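None of the values given here were measured: they were computed from a predicted structure.
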Amino acid sequence: MFSDQDVEWMRQALALAHKGLTTTTPNPRVGCVLVREGRVVGQGWHVRAGEPHAEIHALAQAGELARGATAYVSLEPCGHTGRTGPCSRALIEAGVASVVAATEDPNPRVRGQGLAQLRAAGVEVRCGLLAEEAIALNIGFFARMRRGRAWVRAKSAISLDGFIALPNGQSQWLTDAACRADGHAWRARACAVMTGIGTFLKDRPLLTVREVMTPRQPLRVVIDARLEAEPDLPFFHDEAPAMVVCTLDLQDPRVRSKAQVLQEMGVELVQLPSACGEPGRPLRLSALVALLTERGMNELHLEAGSRMTGAFLQAGLVDEWLVYQAPIFLGQGMPMAEPLQALTGHADPLEDPNQATRWQMIETVPMGNGQRIRLQRPGADQF
């Protein structure tokens with residue numbers, strides 16, 4: 001059904017889609033290549049929401065040469081009018097002879113409709129070329145559209161003997177500059193970067209993307225049930241968008257003055273329910289993920305200590321885990337596997353390795369003087 005040449009052109013479309021890695025949210029990353037008589041006559045990618053889609057850029061570049069061409073698109077062309085017009089109609093009007101799509105669009109408003117419109121107009125349509133790669137590039141968009149929940153990616157750094165910090169809590173820096181830069185690249189592609197109040201007060205992070213170039217900063221989210229964060233921290237003096245999530249009543253006079261200070265600094269304060277229903281108690285994390293999902297966020301990036309990461313794991317909210325391992329032995333300190341119950345789902349120590357959840361190993365990449373291990377929760381991508 002697909003030739004080696006087809007694969008080559010689709011890989012080029014996927015490479016173009018990757019150019020929108022940090023900018024297209026809440027839309028998917030899409031690339032398009034127009035080929036006529038064995039040569040590229042037009043190409044483009046979607047840059048950001050509200051602007052022309054990849055197909056429109058490619059058609060504009062091709063002009064009259066689009067007539068009779070084959071369009072290789074990394075996602076099904078849309079067949080409805082949203083912020084922009086339907087790409088399927090634009091391809092038909094341009095006289096494109098055939099369309100090869102990597103995969104159908106998971107958006108219920110689009111799925112299958114664009115391809116059906118093309119077929120009805122006499123355009124040859126083939127779908128399914130390099131679908132796995134196309135879905136992986138837009139894993140958060142597919143997760144949000146198909147299961148109604150954003151993709152959550154956690155990040156941790158550990159020593160060879162499994163510690164994330166020294167006994168005194170010091171953890172900066174276990175890994176080297178190469179690993180830290182890679183971590184910032186994963187931040188850059190996310191829609192929001194989250195941390196817990198414990199890590200926030202101890203490490204005083206900015207949660208911004210700094211080690212790599214990016215045209216926009218993701219939303220920075222601090223999970224702070226009792227509103228303990230002080231306005232004088234550097235985090236609140238950065239221009240990148242910020243949100244603090246608590247479980248307190250923001251209209252309570254004891255809370256209102258501090259809340260007002262943060263709000264006047266441009267911080268968005270959000271009150272969400274606690275897991276037990278009592279104000280000031282730990283947040284119901286699923287409510288936070290639901291809120292960010294409703295706002296059109298596809299990928300959420302969690303950088304927190306073992307307790308907050310463990311809480312996300314215990315709630316079944318972590319889909320992917322980036323573990324940066326440094327070639328050092330700390331001997332003692334704060335173990336990654338603490339608290340055990342949160343990480344394993346068992347209150348007592350395991351008696352058999354088969355009781356443990358076996359994560360899927362996606363890749364292990366040597367990096368600087370260490371490595372990045374990328375794991376995926378079993379079944380996380382089965383939408």
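The structure places CG of L91 at 6.5 Å from SG of C32, a figure rounded to the nearest 0.5 Å. To the nearest 0.5 angstrom, S306 atom OG is 12.5 Å from I158 atom CD1. A distance of 9.5 Å separates NZ of K258 from CG of L248, quoted to the nearest 0.5 Å. Once rounded to the nearest 0.5 Å, the distance linking CZ of F312 with CH2 of W321 reads 13.0 Å. To the nearest 0.5 Å, the span separating CD on E320 from CG on D381 amounts to 10.0 Å. Note: L206 CG to T195 OG1 = 12.0 Å, rounded to the nearest 0.5 Å.
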Let me see the working for Q5 and E8 under side chain to side chain donor-acceptor pair (under 3.5 Å), right down to the final yes or no.
CA-CA 5 Å; Q5 192 66 67; E8 180 181 335; 3.3 Å; yes
*Which is it for Q217 and D238 under the side-chain contact (heavy atoms from CB on, under 4.5 Å) test, yes or no, and what are the steps along the way?*
CA-CA 11 Å; Q217 290 287 344; D238 194 281; 5.8 Å; no
>> side-chain contact (heavy atoms from CB on, under 4.5 Å) for T103 and L75? Distances and angles first, verdict last.
In response: CA-CA 5 Å; T103 180; L75 191 69; 3.7 Å; yes
Criterion side-chain contact (heavy atoms from CB on, under 4.5 Å) on L137 and S74, from CA distance to verdict:
CA-CA 10 Å; L137 180 61; S74 62; 5.5 Å; no
Please evaluate residues L375 and M361 with respect to the criterion side-chain contact (heavy atoms from CB on, under 4.5 Å), reporting the C-alpha separation (whole Å), side-chain torsions for both, the decisive distance (0.1 Å), and the verdict. CA-CA 5 Å; L375 307 168; M361 181 78 75; 3.8 Å; yes
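Counting only distance, with no hydrogens or angles, the side chain of D176 and the backbone of G368 share no donor-acceptor pair below 3.5 Å. Under a 3.5 Å cut-off, the side chain of D224 and the backbone N or O of E228 do form a donor-acceptor pair. Checked by atom type and distance alone, the side chain of D6 pairs as donor or acceptor with a backbone atom of S3 at under 3.5 Å. Listed for the R147 side chain is a donor-acceptor partner under 3.5 Å among the backbone atoms of A150. Judged by distance alone, with hydrogens and angles left aside, the side-chain atoms of N107 form a donor-acceptor pair with the main-chain N or O of R109 at under 3.5 Å. Between the side chain of R220 and the main chain of A240, a donor-acceptor pair closer than 3.5 Å is present. When atom types are taken as modelled, the side chain of H46 and the backbone of P52 share a donor-acceptor pair closer than 3.5 angstrom. Panel note: side chain R256, backbone Q251; a donor-acceptor pair is recorded below 3.5 Å. Remark: side-chain polar atoms of E76 are paired, donor with acceptor, to backbone N or O of G112 under 3.5 angstrom.
In this structure, the side chains of L59 and V96 come closer than 4.5 Å at one or more pairs of heavy atoms. Within the 4.5 Å cutoff, the side chain of R374 has heavy atoms near those of the L322 side chain. At least one side-chain heavy atom of P231 sits under 4.5 Å from a side-chain heavy atom of M265. At a threshold of 4.5 Å between non-hydrogen side-chain atoms, the residues I373 and W359 do not count as touching.
Under a hydrophobic-cluster definition in which Ile, Leu, Val, Met, Phe, Trp and Tyr are linked whenever side-chain heavy atoms come within less than 4.5 Å, directly or via other members, M308 and L313 are assigned to the same cluster. When the side chains of ILVMFWY residues are joined at heavy-atom separations under 4.5 Å, either directly or via intervening members, L283 and V267 end up in two distinct hydrophobic clusters. A single hydrophobic cluster is seen to contain both L16 and V100, as judged by linkage of ILVMFWY side chains at heavy-atom distances under 4.5 Å, directly or through other members. Hydrophobic cluster membership is shared by L285 and L272, with clusters built from Ile, Leu, Val, Met, Phe, Trp and Tyr side chains linked at under 4.5 angstrom. With hydrophobic clusters built from ILVMFWY side chains whose heavy atoms lie under 4.5 angstrom apart, V222 shares a cluster with L250.
Here the shortest heavy-atom pairing between M194 and L288 reads SD-CD2, 4.1 Å. When all heavy atoms of A49 and N27 are compared, the closest pair comes out as CA-ND2, 3.5 Å. Across L34 and A66, no two heavy atoms sit closer than the pair CD1-CB, 4.3 Å. The shortest heavy-atom contact between A181 and V212 is O-CG1, 3.6 Å. Here the closest heavy-atom approach between residue R358 and residue P378 is recorded as O-CG, 3.0 Å. Of all the heavy atoms in P77 and L115, the pair that sits closest is CD-CD2, 4.1 Å.
Judged purely by distance below 3.5 Å, without hydrogens or angles, the side chains of Q113 and Q117 never pair a donor atom with an acceptor atom. There is a side-chain donor-acceptor pair under 3.5 Å between R144 and N298.
Within 6.0 Å of atom NE2 in H18, 12 or fewer heavy atoms from other residues, nucleotides or ligands are found, so the atom counts as exposed in its surroundings. Heavy-atom contacts from other residues, nucleotides or ligands closer than 6.0 Å to CZ of R281 number 12 or fewer. More than 12 heavy atoms of other residues, nucleotides or ligands lie within 6.0 Å of CD in E264, so this atom counts as buried by the packing criterion. Environment of CZ in R216: crowded, with over 12 heavy atoms of neighbouring residues, nucleotides or ligands closer than 6.0 Å. The neighbour count for E132 CD, taken as heavy atoms of other residues, nucleotides or ligands under 6.0 Å away, does not exceed 12. Counting heavy atoms of neighbouring residues, nucleotides and ligands inside a 6.0 Å radius, atom CD of E64 does not exceed 12 of them. The environment of CH2 in W45 is sparse: at most 12 heavy-atom neighbours from other residues, nucleotides or ligands sit within 6.0 Å. Crowding of M1 atom CE: a count of heavy atoms from other residues, nucleotides or ligands under 6.0 Å exceeding 12.
Relative orientation of the W9 and Y72 rings is tilted, given thresholds of 30° and 60° on the angle between their planes.
Applying the side-chain contact (heavy atoms from CB on, under 4.5 Å) test between R187 and each of R210, R153, E211 identifies R210 as the sole match.
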